[in-house]
Number of protein chains: 2
Amino acid sequence: MAKRSHAHPQTPALPLSESKRDILRSAQRVLAILDLIARTPGGLTVRAVSGLLQLNISTCYHSLNTLLAAGYVERLPSGHYVLGPQIPYLNDAYLRTLSHDWPTTESPEGWTAVAFPPVRQPSLPQRLRPILHNLSERSQEPAYLASWRYGEVELQAIVEPAHAERIPGVYIGYRGQAHAHALGKVLLAYSSAAFVEDYLARHTLIRLTQRTIVERSRLCEELHTIAHQGYSIDREELHPDTACLAAPVRDAQGRVAAAIAISFRSTLLSRRGEWLSAQVLRAARQASAELRLAR
Amino acid sequence: MAKRSHAHPQTPALPLSESKRDILRSAQRVLAILDLIARTPGGLTVRAVSGLLQLNISTCYHSLNTLLAAGYVERLPSGHYVLGPQIPYLNDAYLRTLSHDWPTTESPEGWTAVAFPPVRQPSLPQRLRPILHNLSERSQEPAYLASWRYGEVELQAIVEPAHAERIPGVYIGYRGQAHAHALGKVLLAYSSAAFVEDYLARHTLIRLTQRTIVERSRLCEELHTIAHQGYSIDREELHPDTACLAAPVRDAQGRVAAAIAISFRSTLLSRRGEWLSAQVLRAARQASAELRLAR
DNA sequence: AGACAATATTTCAAATAATGAAATTGCAAC
DNA sequence: GTTGCAATTTCATTATTTGAAATATTGTCT
């Protein structure tokens, strides 16, 4: 980025990322450094961070020390900084929040006042894990659970068989690209028209593969088809060579509370698609039955 | 490392948290707030953070905004801040680091120059997951993999059966309390005397349950017993009602590179202990065989 | 509906903590 | 030894953060 010398003494001068109001800049930088380290497989040296972020090396040194002291990064003897033990610790806490009953279903600040998709049941991942496990076992493919959270489709459980090929870049807590995967599409398909409207207004349909649906009209058609047939298919729309099948899970009130899916190599779709979708639908039915029981 | 250059300069008075040198205070505070939020199940309001950390409410407001803008926390409509989607994202990156070959086995800065425990094989968790899966399937209990990392015992994989009861507070990436669990004890038992010495110098044997071994001499005895019998038992030493069995995994050079374990309700120990330990030993043998193959 | 209470947000000048150029130290190769 | 490169430290300058207080917002009670 540009150097800022003594051009305008009074100008606050916004150095790196545009500095919004109400942001602590040194803290923001430290968080940006953490993010950068996460993106770099082998870790980074002080100098590398300095170069990549165009920050003074002294600033990077102090920032990394701060992260180090709090356990967010770790310093290898080679001088490379990598993510530290605080990260999985925080993640464990995050996972616990998935098992809690959240007090509200309203839309977070700044959103339109559109009615929000179905309320989540408490401990959804915990309650449905046996069913996912069974699905994964029978199909010998990874099984997934997702539901709405804060207006996004969030992946909340993954159960992998012994020899799994999980979709790369997908992890518990992953949100987004709902238009490009079976879980997202099925959850959208069973949302109100107004909510879909709202969702589309908040997101751009990013192209991830050649087959990703990026036209709004085609997506809406697809959602209708899905709602009609009761499950959704992702044919290499998120990741090349990978296909997904997803089906909705209904809570005791009959609202779609979540979706269950499996992923597999897309070549299996023609050969085993029928059977696999039957398995997913079966699991989804079992899950709905589970949610009908008193908790 | 920051050296204290002058003995007692003008000690500028250390305001809130003890201000170490080379630390960016506003960044440190932001990280502390993140940590606090992680520890609080239902999330915290601005005011609550302010009260708990004895910070000005305006400071908390700005700090939370900074975390919010970067996705580290999320703001519920109720005004409660909870951990945000950046946390699982970072964790995913952390998990990937477990699958990498690390360039060094030397001890990180500040440690004694004691020979370090065995070098990890690359992708240990990935390579051994089928074996853990099998162990978990047969025993119907959660299976674990741990190995040394940066001088600590780190839990690196967990495979849970359909109806699992994972030990609370234990997660992938968890380090520490090696004296109080089967995985830690078995890994210590097969480390050099000098390394155990070093480990004990760096750690206090914290009491976690009534049965935790906190006396240095008793622990050393225990380690000898373990090395002799080839596996370790945790009888409610980490968590009441829970027992663990662990056995060592050897790499192609014959060095102990990891340990495999299962956990279960301690009441099963007398009834099924024999059988369970046979399963763990079997899995550990399989794992060692796997590591003997060319990668 | 109106008033109250509790909290969140904004303001702004003072206080100070962060910045960055440059010096120093550390380390490894030559 | 000497050289070269990167990490660490120094320190004066200056932008950034702080925190008391004002204001806005939200929720609750009558």
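Order of the sequence lines fixes the chain letters, A, B, ..., with proteins taken first and strands second; residue numbering starts at 1 for each chain. Since this is a predicted model, take the numbers as computed values, not measurements.
When the options A:Val49, A:Leu76, A:Ile37 are evaluated for a side chain to side chain contact (heavy atoms under 4.5 Å, CB included) with A:Tyr81, the one that passes is A:Ile37.
Side-chain N/O atoms of A:Thr59 include one lying less than 4.0 angstrom from OP1 or OP2 on C:dG20. One finds no side-chain N or O of B:Arg47 lying less than 4.0 angstrom from the OP1 or OP2 phosphate oxygen of D:dT26.
Residue-to-nucleotide proximity on DNA chain D shows that, of A:Tyr81 and B:Asn56, the 5′-proximal contact is made by A:Tyr81. Of the residues near DNA chain D, A:Thr45 and A:Leu24, the one whose nearest nucleotide (by heavy atom distance) lies more toward the 5' end is A:Thr45.
Remark: A:Arg47 engages no residue in a salt bridge (Lys or Arg N to Asp or Glu O under 4.0 Å) (not counting sequence neighbours). With sequence neighbours excluded, the residues satisfying side chain to side chain contact (heavy atoms under 4.5 Å, CB included) with B:Asn56 are B:Ser58, B:Thr59. Listed by chain and number, the residues in a salt bridge (Lys or Arg N to Asp or Glu O under 4.0 Å) with A:Arg292 amount to none (sequence neighbours excluded). Under the rule for a side chain to side chain contact (heavy atoms under 4.5 Å, CB included), the partners of A:Ala259 that lie at least two apart in sequence or sit in another chain are A:Leu183, A:Val186, A:Leu187.
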Got a list of protein N/O to nucleotides 10-16 of chain C N/O distances below 3.5 Å?
from, atom 1, to, atom 2, distance (Å)
C:dT10, OP2, A:Asp22, OD2, 3.4
C:dT10, OP2, B:Tyr61, OH, 2.7

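Atom CD in B:Gln28 sits roughly 14 Å away from atom C1' in C:dA18 (whole-Å rounding). Counting to the nearest Å, the C1' atom of C:dA18 and the CD1 atom of B:Ile23 are 13 Å from each other.
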Please tabulate, for side-chain N and O atoms in residues 168-176 of chain A, each donor-acceptor pair with protein atoms closer than 3.5 Å (sequence neighbours left out).
from, atom 1, to, atom 2, distance (Å)
A:Arg175, NE, A:Glu154, OE2, 3.1
A:Arg175, NH1, B:Glu74, OE2, 2.6
A:Arg175, NH2, A:Tyr94, OH, 2.8
A:Arg175, NH2, A:Glu154, OE2, 3.3
A:Arg175, NH2, B:Glu74, OE1, 3.1

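In the set D:dA7, D:dT17, C:dT9, the nucleotide with an atom closest to the side chain of B:Ser26 is D:dT17.
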